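Beneath this line is the structure, given in structure tokens, with notes to follow.
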Amino acid sequence: MKTKILEKLSEIERDKNIEILFAVESGSRAWGFESPDSDYDIRFVYKHKKAFYLNLWEQKDTIEFMTEDDLDGNGWDLKKALKLLAKSNASFLGWLFSPIIYRVDDTIISDLQLLANNNFNPVSGFYHYHSMSKGFLDKVSSEDVKLKSFFYALRSALCAHWIVKKETVPPVLFSEVLSLVDDKTRNTIENLVELKSKYNEDFLTKKNEVLFEFLKDTIAYNDSKKGFISNHNINPDEFNTLFTKHII
């Protein structure tokens, strides 16, 4: 599948006359709890020729594609990506630190990761994950639960919890976020990860009451700490410096 992905990325470069700076996997495969029928969520950042950025008028800054063999692609122009990074956009941070890399310019990925860590705003990251976890809670409260929905709820709650505890960018890999939980709970969750790897995404299982209570307690704890999270301001000059470095 990687060969197909690389071929598609090269095709996009030729057709759009762009340069892809990095391309990664996002979503459940990057998080480490994919199902056999999970799509390949390919995410990438690209740049145009310098003249593109000297145009007075706003231009399209995204590229999307979907293929018949489950390749779901979404790319952002470097300028758009940097503006979102300035807001500590959780989706882009997930791309930036993805453990599954298809193509990369080592210099720019290092520059972007350093910029992300230096300018991460814990408040922005927390509210993204906290709101998401609360939104998923209702979806996983019935007796029969989609494992996919449960893991989305659990991961988002634990990422919010990570920010409460550490005020840093949460890890992309779910296994690393599980360092926050006790051994017994982690073992139970890891067994569910193994189960999810064997069944398609529409698979239903009986709700695990212990884990459901753990999820509710984690969300409640996060909610009690939301007023104590730091609100950091970015350094705009760092963003401009990176942008000009890589388009000139």
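For reference, positions follow the sequence shown, starting with 1. Every value quoted in this text rests on a predicted model; they were computed, and no experiment measured them.
- Judged by the 6.0 Å and 45° rule, K16 forms no cation-pi pair with Y46.
- Side chain of N222 to main chain of A157: a donor-acceptor pair is present (N/O by atom type, distance under 3.5 Å, no hydrogens or angles).
- Looking at W31 and F151, their side chains never come closer than 4.5 Å, going by heavy atoms from C-beta outward.
- Counting heavy atoms of neighbouring residues, nucleotides and ligands inside a 6.0 Å radius, atom NZ of K80 exceeds 12 of them.
- Within the 4.5 Å cutoff, no side-chain heavy atoms of F120 are placed close to those of H232.
- When every heavy atom of F136 is checked against every heavy atom of A153, the shortest pair comes out as CB-CB, 3.5 Å.
- K207 and D144 are not joined by a salt bridge, as no carboxylate oxygen comes within less than 4.0 angstrom of a charged side-chain nitrogen.
- Counting only heavy atoms from C-beta outward, the side chains of F203 and S35 never approach each other to under 4.5 Å.
- Considering I42, D41, L9, D39 in turn, I42 is the only one that fulfils the side chain to side chain contact (heavy atoms under 4.5 Å, CB included) rule with L71.
- A salt bridge does not link R14 with E11: every distance from a Lys NZ or Arg NE/NH1/NH2 to an Asp or Glu carboxylate oxygen is 4.0 Å or more.
- Grouping the Ile, Leu, Val, Met, Phe, Trp and Tyr side chains by contacts below 4.5 angstrom, directly or via other members, places I247 apart from L54.
- Checking each of V169, L93, L96 against N117 for a side chain to side chain contact (heavy atoms under 4.5 Å, CB included) leaves exactly one that passes, namely V169.
- The backbone N or O of K184 lies less than 3.5 Å from a partner atom in the side chain of D182, making a donor-acceptor pair.
- L147 and L173 end up in different hydrophobic clusters when Ile, Leu, Val, Met, Phe, Trp and Tyr side chains are linked at under 4.5 Å.
- Here the shortest heavy-atom pairing between H48 and D77 reads CD2-OD1, 3.5 Å.
- In this structure, CD1 on I109 lies 12.0 Å from CG on L114, to the nearest 0.5 angstrom.
- Linking ILVMFWY side-chain heavy atoms closer than 4.5 Å, directly or via other members, places Y221 and I219 in a single hydrophobic cluster.
- To the nearest 0.5 Å, the span separating CZ on F126 from CG on D223 amounts to 6.5 Å.
- The CG atom of N191 lies 15.5 Å from the NZ atom of K196; values are rounded to the nearest 0.5 Å.
- One finds the OG atom of S133 at 9.5 Å from the CG atom of L158 (value rounded to the nearest 0.5 Å).
- Taking the six-membered ring where the residue is Trp, Y127 and H130 present perpendicular rings, their angle passing 60° and hence far from 30°.
- Residues G125 and I163 share a closest heavy-atom pair of C-CD1, 3.4 Å.
- Between F22 atom CZ and I20 atom CD1 the span is 11.0 Å, to the nearest 0.5 Å.
- Residues N119 and F239 are in side-chain contact: their nearest non-hydrogen atoms beyond the backbone lie under 4.5 Å apart.
- A salt bridge is defined here as a Lys NZ or Arg NE, NH1 or NH2 lying under 4.0 Å from an Asp or Glu carboxylate O, and E7 with K4 fails to meet this definition.
- Residues H246 and T107 meet the side-chain proximity criterion, which asks for heavy atoms closer than 4.5 Å.
- Classified by interplanar angle (parallel below 30°, tilted 30° to 60°, perpendicular above 60°), the ring pair F92/W95 is perpendicular.
- The neighbour count for Y199 OH, taken as heavy atoms of other residues, nucleotides or ligands under 6.0 Å away, does not exceed 12.
- A continuous path of Ile, Leu, Val, Met, Phe, Trp and Tyr side chains, each step under 4.5 Å between heavy atoms, connects L195 with L211, placing both in one hydrophobic cluster.
- Atom-to-atom distance recorded for D111:CG and E238:CD is 11.0 Å, nearest 0.5 angstrom.
- Nearest heavy-atom pair across A90 and Y129 is CB-OH, 3.8 Å.
- Looking only at side-chain heavy atoms (C-beta outward), L137 and F212 come within less than 4.5 Å of each other.
- Using modelled atom types and a 3.5 Å distance limit, the side chains of E25 and Y40 yield no donor-acceptor pair.
- D61 places none of its side-chain heavy atoms less than 4.5 Å from the side chain of K79.
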query = Please walk me through it: do V181 and F214 pass side-chain contact (heavy atoms from CB on, under 4.5 Å)?
reply = CA-CA 10 Å; V181 309; F214 169 78; 3.4 Å; yes
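- Judged by distance alone, the side chain of R29 and the main-chain N or O of S38 form a donor-acceptor pair under 3.5 Å.
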request  = Check the pair L192, F150 against side-chain contact (heavy atoms from CB on, under 4.5 Å), reporting the backbone distance first and the verdict last.
outcome  = CA-CA 10 Å; L192 275 186; F150 182 76; 4.1 Å; yes
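- Of all non-hydrogen atoms in P99 and V172, the two that sit nearest each other are CD-CG1, 3.8 Å.
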task = Determine, step by step, whether W76 and N89 satisfy the side-chain contact (heavy atoms from CB on, under 4.5 Å) criterion, reporting the C-alpha distance in whole Å, the side-chain angles of both residues, the deciding distance to 0.1 Å, and the verdict.
result = CA-CA 13 Å; W76 293 342; N89 179 274; 4.0 Å; yes
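- What you find for I229 and V123 is that their closest heavy atoms are O-CG2, 3.5 Å.
- No continuous path of ILVMFWY side-chain contacts below 4.5 Å connects I63 to V24, so the two sit in separate hydrophobic clusters.
- In this structure, the side chains of T185 and L178 stay at 4.5 Å or more apart for every pair of heavy atoms.
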request  = Before giving the answer on side-chain contact (heavy atoms from CB on, under 4.5 Å), spell out for R43 and S98 the whole-Å C-alpha distance, their side-chain angles and the decisive distance to 0.1 Å.
outcome  = CA-CA 10 Å; R43 303 294 181 257; S98 173; over 6 Å; no
